[in-house]
Amino acid sequence: MPLPNTLSSLPRAELIAGPTPFHFLERFSEAVGVEVWAKRDDIGAVSLAGNKVRKLEFLLGDALESECDVLVTTGAAQSNSARASAAAAAVLGMDSVLILSGVEPAQPTGNLVVDRLVGAEIRWAGDVGWDRLNELVDEVASELEAQGRRPYRAPVGCSSPLGALGFTAAWFELTDQLSEADLHPSAVYHTSTSGGTHAGLILGRAWSGSGPAVRGISAGKVQDDPVGHHRGLALEAAGLLGLDDLEVEVSVDFSWIGPAYGVPTEASDAAIRLLARTEAILCDPVYSGKGLAGLIGDAPSMEGPVVFWHTGGWHALFHPPFTGSLLAR
Ligand SMILES: *Cc1c(COP(=O)(O)O)cnc(C)c1O
């Protein structure tokens, strides 16, 4: 199904070369006892890999159209979203300011190495929550405006309604690949936190009126009411397309988070090792490993085939605190 006009006519910065690969995971499927296919959003240039790039295509399309010259965004110290944002800004000739929680480490690791290399200005926010980080985006943007700059604001995870539309477009990309493979999966699994990925996909499903169920596996509750938040995000995104009476179905499983966001679990470590040993595909302990653990947990009751939407995040494997338990076995 071609991308509907209202979506394809929105300004979009081209950051992804074409559809991301979609393929069968033969050895992994055998190991988990269900037919699993992978949608490979983990693939891309090191700096521009992962699910945030899809949201950035729409956000930065808008930023360029508004003639903004500096991107202001935020996240955790190891934020994939902040890293991809800084990289995308560099590619498009914009500056970037990243407001990261925590304090500056003695030695940059993982995503921070990329942030520094692509020339982002980093401001350390100390130990603050997501709401405060989003407020800081506004404060820093106002400060830049006062200096005559034209800042573009992107929230935690780039999960604004416009950003979520990146995953509505992605839904149509996947359904094209499913038709081509003549595949009818029962569900698409992906990791969820700030909600843009889930909101965009459930909007795509509601709009196209058919297709596999969308199952989010939460890697952390970053809103008080994530289900209400994600539904609101999907409906606001629908509003941007002039779609007013769609019924979206939020489906997020919160049972795989473990002790907290960013804390590896035994199940995610085992999932990461299994996918690496069977397919040499790398997931991370903060996000995609937890999503994969959720898929493996549901496998006994699944009617295959299913799709694992690999949202990326493997950069965190090069941040030693996340990898200790993973490599200890
Ligand atoms: C941000 C992120 C997610 C979650 O996506 P949201 O749209 O924020 O819910 C999943 N996986 C990885 C690797 C991420 O970086």
Side-chain angles (χ1 to χ4, degrees), residues 20 38-44 46-59 73-88 110-111 114-115 130 133-134 154-168 170-171 188-204 214-223 226-227 229-234 237 250-254 256-257 261-262 264 268 271-272 275 281-295 308-319 322:
T20 59
K39 178 65 174 152
R40 302 290 305 277
D41 279 11
D42 57 313
I43 290 182
V46 172
S47 56
L48 278 175
N51 65 336
K52 303 310 179 307
V53 186
R54 291 192 182 273
K55 307 180 193 180
L56 284 160
E57 286 203 315
F58 284 87
L59 292 179
T73 192
T74 186
Q78 280 297 326
S79 168
N80 295 310
S81 182
R83 179 259 308 153
S85 298
N111 283 297
V114 182
D115 298 344
W130 304 93
L133 288 175
N134 280 331
V156 168
C158 290
S159 282
S160 64
L162 186 61
L165 288 182
F167 267 94
T168 306
W171 170 266
V188 174
Y189 277 71
H190 71 89
T191 308
S192 180
T193 43
S194 68
T197 303
H198 195 68
L201 290 176
I202 61 174
L203 170 55
V214 177
R215 290 277 287 161
I217 304 292
S218 178
K221 283 193 177 178
V222 299
Q223 304 94 6
V227 172
H229 171 271
H230 298 0
R231 175 175 290 110
L233 193 56
V250 175
S251 166
V252 182
D253 181 349
F254 297 95
W256 298 92
I257 299 171
Y261 168 77
S268 69
I272 294 167
L275 188 64
I281 295 173
L282 304 181
C283 286
D284 74 284
V286 180
Y287 293 103
S288 47
K290 288 184 180 173
L292 189 63
L295 184 155
F308 174 59
W309 200 307
H310 193 330
T311 47
W314 46 266
H315 308 68
L317 292 174
F318 306 101
H319 177 58
F322 289 148

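Indexing begins at 1, ligand by ligand and atom by atom, following the structure's order. Here the structure is a predicted model, which is why all the values come from computation and not from measurement.
- Looking at W314, its side chain does come within 3.5 Å of a backbone N or O of D42 through a donor-acceptor pair.
- K290 contributes no side-chain N or O that, together with a main-chain N or O of I217, makes up a donor-acceptor pair within less than 3.5 Å.
- With hydrogens and angles disregarded, no donor-acceptor distance shorter than 3.5 Å links the side chain of T168 to the backbone of L203.
- In this structure, H230 and H198 have tilted ring planes: the angle between them lies in the 30° to 60° band.
- Contacts of ligand 1 (protein heavy-atom distance under 4.0 Å) are N51, K52, K55, N80, S159, T191, S192, T193, S194, G195, G196, T197, Y287, T311, G312, G313.
- Ring geometry for F322 against H319 counts as perpendicular: the plane angle is over 60°, on a 0 to 90° scale with 30° as the lower cut.
- For the side-chain hydrogen bond (donor to acceptor under 3.5 Å, both in side chains) test with S159, the passing option among Q223, H229, K52, K55 is K55; the others fail.
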